[in-house]
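Reading through the structure tokens given below for one structure.
Nothing here was measured: the structure is a model prediction, and the numbers come from that model.
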Amino acid sequence: MPNIASTIVEVCVFRRSANRPEYLLLHRAEHDRIYPGIWQLVSGSIEPGETAEKAALRELREETKLLPKRFWVVPLVNSFYVPSRDVLHFTTVFAAEVNVGEEVGLSSEHQNSSWLSSRDAMKTLVWPGQRNVISMVQEFIIQSPTNSNLTEISLSERNSL
């Protein structure tokens, strides 16, 4: 029986440009040992003693140098299986809206970044789960302010994150 782990977070970063959302994708470095050269969302591991929320905000800063102006938990759990370790991962997913014009500062894990429409982002992402994340953020958060209020996390109350 596989082990079950929930030690990874994903952050779907977007900005509203000319009333149209654009999604940030990161291109993994060719020298990276895990999935070199693929395009992905911000993702990373939860450190011991850290909450998923704090890990998501930390990974966002570490991988992009961006700070969110709004932040949500996405009502979706991503999952994937790693056969070599016999581990089924359940990933907590967040969304972060950032200001237009802010520069992305990449970590050494990534070699490039790109802001894309939802359609182009879904064509570029490798993992079906990450394509589902884009779709859910588009539908639940961007297109439905009433729904998005249900899962928004107040950043002003989390100044210690």
Side-chain angles (χ1 to χ4, degrees), residues 4-26 38-82 87-107 109-110 113-161:
I4 297 175
S6 184
T7 58
I8 297 171
V9 294
E10 291 179 315
V11 184
C12 180
V13 182
F14 70 93
R15 65 185 184 187
R16 298 175 200 257
S17 180
N19 295 327
R20 174 180 143 256
E22 295 178 322
Y23 295 89
L24 178 65
L25 298 190
L26 304 177
I38 70 162
W39 287 89
Q40 67 176 134
L41 302 175
V42 169
S43 62
S45 297
I46 301 170
E47 295 177 354
E50 188 176 45
T51 65
E53 179 184 332
K54 285 184 180 180
L57 290 167
R58 177 184 50 75
E59 288 290 341
L60 176 63
R61 281 190 310 269
E62 286 177 3
E63 293 189 2
T64 69
K65 309 294 186 265
L66 297 172
L67 295 174
K69 68 178 190 176
R70 295 181 73 188
F71 192 63
W72 297 264
V73 62
V74 177
L76 172 75
V77 175
N78 210 344
S79 62
F80 62 95
Y81 175 69
V82 179
V87 175
L88 178 59
H89 286 273
F90 290 104
T91 303
T92 308
V93 180
F94 297 88
E97 182 178 0
V98 299
N99 291 315
V100 172
E102 289 193 38
E103 294 225 8
V104 176
L106 296 176
S107 70
E109 291 177 51
H110 301 98
S113 66
S114 187
W115 291 100
L116 301 170
S117 68
S118 61
R119 189 173 127 203
D120 290 342
M122 286 193 276
K123 286 181 182 178
T124 304
L125 289 165
V126 171
W127 303 114
Q130 291 191 345
R131 291 192 296 269
N132 290 340
V133 168
I134 296 285
S135 180
M136 178 62 79
V137 168
Q138 182 77 19
E139 183 180 311
F140 190 86
I141 293 172
I142 293 172
Q143 294 176 349
S144 180
T146 302
N147 287 346
S148 73
N149 289 335
L150 299 173
T151 64
E152 186 168 5
I153 299 169
S154 172
L155 292 170
S156 62
E157 296 172 9
R158 289 168 167 73
N159 52 13
S160 64
L161 296 177

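Salt bridge annotation for E22-R16: absent, with no cationic side-chain nitrogen under 4.0 angstrom from a carboxylate oxygen. Contact check on E59 versus R61 returns no salt bridge, with no Lys/Arg side-chain nitrogen under 4.0 Å from an Asp/Glu carboxylate oxygen.
Side-chain atoms of R131 come within 3.5 Å of backbone N or O of V126 as a donor-acceptor pair. A donor-acceptor distance shorter than 3.5 angstrom exists from the side chain of T51 to the backbone of K54, with no hydrogens or angles considered. In this structure, the side chain of S45 does not engage the main chain of E47 through any donor-acceptor pair within 3.5 Å. Under a 3.5 Å cut-off, the side chain of W72 and the backbone N or O of S148 do form a donor-acceptor pair. For S6 (side chain) and F90 (main-chain N/O), a donor-acceptor pair under 3.5 Å exists by modelled atom type.
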Determine, step by step, whether V87 and Y81 satisfy the side-chain contact (heavy atoms from CB on, under 4.5 Å) criterion, reporting the C-alpha distance in whole Å, the side-chain angles of both residues, the deciding distance to 0.1 Å, and the verdict. CA-CA 6 Å; V87 175; Y81 175 69; 5.9 Å; no

Test V133 against E10 for side-chain contact (heavy atoms from CB on, under 4.5 Å), laying out the working first. CA-CA 9 Å; V133 168; E10 291 179 315; 4.3 Å; yes

side-chain contact (heavy atoms from CB on, under 4.5 Å) for R119 and K123? Distances and angles first, verdict last. CA-CA 6 Å; R119 189 173 127 203; K123 286 181 182 178; 3.5 Å; yes

Under the side-chain contact (heavy atoms from CB on, under 4.5 Å) rule, what do E109 and E62 come out as? Steps first, then yes or no, please. CA-CA 10 Å; E109 291 177 51; E62 286 177 3; 5.8 Å; no

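The CG atom of L66 sits 6.0 Å away from the CD atom of E102 when rounded to the nearest 0.5 Å. To the nearest 0.5 angstrom, L25 atom CG is 10.5 Å from I38 atom CD1. Note: F140 CZ to L150 CG = 5.0 Å, rounded to the nearest 0.5 Å.
Side-chain contact annotation: S154 with S156, donor-acceptor N/O pair under 3.5 Å present. N78 and Q130 share no donor-acceptor pair across their side chains, judged by distance under 3.5 Å alone.
A 4.5 Å side-chain heavy-atom check between V77 and T92 finds every atom pair outside the cut-off. Side-chain contact check for L60 versus P68: some heavy-atom pair is nearer than 4.5 Å. Side chains of S135 and M122 form a contact here, defined as non-hydrogen atoms less than 4.5 Å apart. Using a 4.5 Å heavy-atom cutoff, the side chains of E53 and I153 are in contact. M136 is listed as a side-chain neighbour of P75, based on a closest heavy-atom distance under 4.5 Å. Between L24 and V104, some side-chain heavy-atom pair lies under the 4.5 Å cut-off. Taking the side chain as every heavy atom from C-beta outward, V11 and L41 never approach each other to under 4.5 Å. The shortest side-chain heavy-atom distance between L106 and S113 falls under the 4.5 Å cut-off.
Applying the salt bridge (charged side-chain N to carboxylate O under 4.0 Å, His left out) test to K69 and every residue at least two apart in sequence or in another chain returns E97.
Closest heavy-atom contact between I141 and V74: CD1-CG2, 4.1 Å. Here the closest heavy-atom approach between residue I142 and residue P21 is recorded as CD1-CB, 3.5 Å.
Ring orientation note: the planes of F71 and F94 are close to parallel, at an angle under 30° on the 30°/60° scale.
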